[in-house]
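Presented below is the structure to which this report refers.
Note on naming: letters A, B, ... go to the chains in the order of the sequence lines (proteins, then strands), and numbering restarts at 1 for each one. Just so you know, these numbers come straight off a predicted model, no measurement behind them.
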There are 2 protein chains.
Amino acid sequence: MTFDELIRRSQEACDALSEADDGLKREILAHAGNRWSLGVVHALGVAGTLRHSDLARRLEGVTQRMLTRTLRQLERDGLISRHDHREVPPRVDYSLTDLGRGLLTGMMPLWAWVIDNAESFRDARSRFDREQA
Amino acid sequence: MTFDELIRRSQEACDALSEADDGLKREILAHAGNRWSLGVVHALGVAGTLRHSDLARRLEGVTQRMLTRTLRQLERDGLISRHDHREVPPRVDYSLTDLGRGLLTGMMPLWAWVIDNAESFRDARSRFDREQA
DNA sequence: CCGCATCCTATACGATACTG
DNA sequence: CAGTATCGTATAGGATGCGG
């Protein structure tokens, strides 16, 4: 598909959008851009099921507060499911929902593209910063 | 490609990532999640070249401040190019770079996926909110 | 027309300490 | 172990007015 065809289709899709849908799209993408969301989704995609402490170990630098907040947000978005075993000591584990797996799948091409063009991004940025100086 | 194969590949890709690349990925996605970025990129994809005031008209509700800020950010990321005609009154127009077109292309599948699953997102959220009550 | 300066609110993110 | 509470800073986003 050419770029123009792609644009035409996206134009049609956009015209068909309700304002609520457009807000939803931005919201989901905004969540995906949050500090730890992608890391959590990816870790769960790789491991299948993980406990809170497992995730804390895998996401180096995350605090309990931010991990909990991120998990709640992802759960609210329906991307992960939370299972509380109701034991003492506490045992809670998380896994991707079908929706979460779908997001991960849908993100891959974009992700790969960003990595492939990492150098272009760095070049563009350093050029911009130089010109501003 | 199955989900597991996809995960395995993303795992390999992730292992190969420098920490800087990972930060870059998050940063680009965070910018994509910003309030007006996608709208600007999409509008430029559709129209080709637009002036500041054209964009302001197309993005209903945007303020001059946020539009300028968004344009600077996108320009710094190398996604759009800015051409100042240096006339009086001022005349500045914006268009997508190859990198910007690439981002738009890469975003389409994800975008379409979010729209396709809009109802699932709403269901998940209302279920979550009900259970919290 | 385009952009900036100023002032404001909301929230992401983090450090730290605490609870069942 | 999982989560909450409280503190702080940084930044997104907006309203409004000024200037080349």
Mind checking if B/Arg86 touches a base, just sugar-phosphate, or nothing, with heavy atoms under 4.0 Å? nothing

For atom [atom1] of [X] and atom [atom2] of [N], their distance in whole Å:
| X | N | atom1 | atom2 | value |
| --- | --- | --- | --- | --- |
| B/Arg91 | C/dG3 | CZ | P | 13 Å |
| B/Leu67 | C/dC2 | CG | C1' | 10 Å |
| B/Leu50 | C/dC1 | CG | P | 15 Å |

First locate atom [atom1] of [X], then atom [atom2] of [Y], and finally report the distance between them rounded to the nearest 0.5 Å.
| X | Y | atom1 | atom2 | value |
| --- | --- | --- | --- | --- |
| A/Leu96 | B/Phe3 | CG | CZ | 5.5 Å |
| A/Leu67 | A/Arg35 | CG | CZ | 12.5 Å |
| B/Leu50 | B/Leu59 | CG | CG | 9.0 Å |

For the pair A/His42 and A/Trp111, name the ring-plane relationship: parallel under 30°, tilted 30 to 60°, perpendicular over 60°. perpendicular

Short side-chain donor-acceptor distance under 3.5 Å, B/Ser81 and B/Ser95: yes

Heavy-atom pair of closest approach, residues [X] and [Y]:
| X | Y | value |
| --- | --- | --- |
| A/Tyr94 | A/Leu44 | O-CD2, 3.4 Å |
| B/Met107 | A/Leu29 | CE-CD1, 3.8 Å |
| B/Gly33 | A/Ala30 | O-CB, 3.6 Å |

Five-pair end axes of the helix from C/dC1-D/dG20 to C/dG20-D/dC1 and the angle they enclose, rounded to 10°: 40°

Under a 4.0 Å heavy-atom criterion, DNA chain D is touched by chain B from D/dA12 to D/dG20

Please check if the number of heavy atoms outside A/Glu119 that lie under 6.0 Å from its CD is greater than 12. no

Are B/Ile28 and A/Phe128 linked, directly or through other ILVMFWY residues, by side chains that come within less than 4.5 angstrom of each other? no

Base contacts versus sugar-phosphate-only contacts with protein, heavy atoms under 4.0 Å: please encode nucleotides 4-20 of chain C as B, S and - from 5' to 3'. S-B-----SBBB----B

Working for side-chain contact (heavy atoms from CB on, under 4.5 Å), residues A/Lys25 and B/Leu38: CA-CA 10 Å; A/Lys25 171 168 61 67; B/Leu38 281 183; 4.2 Å; yes

Using OP1 and OP2 only, check whether a side-chain N or O of B/Tyr94 sits under 4.0 Å from C/dG3. yes

